[in-house]
Amino acid sequence: QVQLVESGGGLVQPGGSLRLSCAASGSISSINTMGWYRQAPGKRRELVAGMTNSGYTNYADSVKGRFFISRENAKGTVYLQMNSLRPEDTAVYYCVAGMYVGGYDYWGQGTQVTVAS
């Protein structure tokens, strides 16, 4: 079993930056993929970024060039550096982890990111 805890969310002005952190505990060695989902009211859940143990990354088109995912595999930590934030980035961001490529089995509790002036 894996437990995930996110941190780093908050209120930021458009154009600003935030760095989200996620700490995994439990069966860290069993994790293949880690990433970040987000969900805003009235919108579908969206995979923002994902990264495998081997370093393969995937980003949503809406965040390419602005958001960057990184991992420390041995520690089970994952980060999301968010730059040039826009109001439409406002959402609850969830850390996710999966045992295989292409799927996520564990979710954190979420951290709120609000982009507004």
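Note that the coordinates shown come from a computational prediction; the quantities given were computed from them, not determined experimentally.
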If you round to the nearest 0.5 Å, how far is CG of Asn32 from CE of Met99?
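Rounded to the nearest 0.5 Å, the CE-CG separation comes to 8.5 Å.
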
Spacing of OG belonging to Ser30 relative to CG belonging to Asp105, to within rounding of 0.5 Å
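Atom-to-atom, Ser30:OG and Asp105:CG are 8.5 Å apart.
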
Going by heavy atoms in the side chains, are [X] and [Y] under 4.5 Å from each other?
X: Thr57; Y: Arg71; value: no
X: Met34; Y: Asn53; value: no
X: Ile28; Y: Val2; value: no
X: Phe68; Y: Tyr79; value: no
X: Trp36; Y: Ile69; value: yes

Using salt bridge (charged side-chain N to carboxylate O under 4.0 Å, His left out) as the criterion, list what pairs up with Arg66, not counting sequence neighbours.
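Arg66: salt bridge (charged side-chain N to carboxylate O under 4.0 Å, His left out) contacts with Asp89.
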
Taking salt bridge (charged side-chain N to carboxylate O under 4.0 Å, His left out) as the test, write out the residues that go with Lys43, two or more places apart.
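Lys43: no salt bridge (charged side-chain N to carboxylate O under 4.0 Å, His left out) contacts found.
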
Using the side chain to side chain donor-acceptor pair (under 3.5 Å) criterion, which residues pair with [X]? Sequence neighbours excluded.
X: Ser54; result: Thr52
X: Glu72; result: Thr77
X: Asn83; result: Ser17, Gln81
X: Ser70; result: none

Would you please test Phe67 and Leu18 for side-chain contact (heavy atoms from CB on, under 4.5 Å) and show each step?
CA-CA 10 Å; Phe67 291 12; Leu18 282 175; over 6 Å; no

Whichever hydrophobic residues join Tyr56 through chains of side-chain contacts under 4.5 Å
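Its cluster partners, ordered by chain and number, are none at all.
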
Side chains of residues 19-26: which donor-acceptor partners sit under 3.5 Å, not counting sequence neighbours?
{"residue": "Ser25", "atom": "OG", "partner": "Gln3", "partner atom": "OE1", "Å": "3.3"}

Would you mind writing out the side-chain donor-acceptor pairs for residues 108-117 within the sub-3.5 Å range, not counting sequence neighbours?
{"residue": "Gln109", "atom": "NE2", "partner": "Glu6", "partner atom": "O", "Å": "3.4"}
{"residue": "Gln109", "atom": "NE2", "partner": "Glu6", "partner atom": "OE1", "Å": "3.3"}
{"residue": "Thr111", "atom": "OG1", "partner": "Gly9", "partner atom": "N", "Å": "3.3"}
{"residue": "Gln112", "atom": "NE2", "partner": "Ala91", "partner atom": "O", "Å": "3.4"}
{"residue": "Gln112", "atom": "NE2", "partner": "Thr114", "partner atom": "OG1", "Å": "3.3"}

Under the ring-ring contact (aromatic ring centres under 6.0 Å, His included) definition, can you give me all pairs with a residue in residues 80-117, not counting sequence neighbours?
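Counting only pairs at least two positions apart or across chains, the ring-ring contact (aromatic ring centres under 6.0 Å, His included) contacts touching residues 80-117 are Tyr37-Tyr104, Tyr37-Trp107, Tyr94-Trp107.
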
Considering all heavy atoms of both residues, which atom of Leu4 and which atom of Cys95 are nearest to each other, and what is their separation?
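Heavy-atom minimum between the residues: CD1-O, 3.5 Å.
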
Using the disulfide bond (SG atoms under 2.5 Å apart) rule, collect all pairs that involve residues 28-63, keeping only residues at least two apart or in two chains.
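Non-adjacent pairs meeting disulfide bond (SG atoms under 2.5 Å apart): zero.
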
Starting from Val78, can I reach Val96 by hopping between I/L/V/M/F/W/Y residues whose side chains sit under 4.5 Å apart?
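Shared cluster, no.
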
Flag yes if Leu80 and Val12 sit in one hydrophobic cluster, no otherwise; membership is Ile, Leu, Val, Met, Phe, Trp, Tyr, and two members link when side-chain heavy atoms are under 4.5 Å apart.
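Shared cluster, yes.
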
Derivation and outcome, side-chain contact (heavy atoms from CB on, under 4.5 Å), residues Tyr59 and Val48
CA-CA 6 Å; Tyr59 293 93; Val48 177; 5.9 Å; no

Side chain to side chain contact (heavy atoms under 4.5 Å, CB included) partners of Ser62, counting only residues at least two apart:
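Result, side chain to side chain contact (heavy atoms under 4.5 Å, CB included) vs Ser62: Arg38, Glu46, Ala60.
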
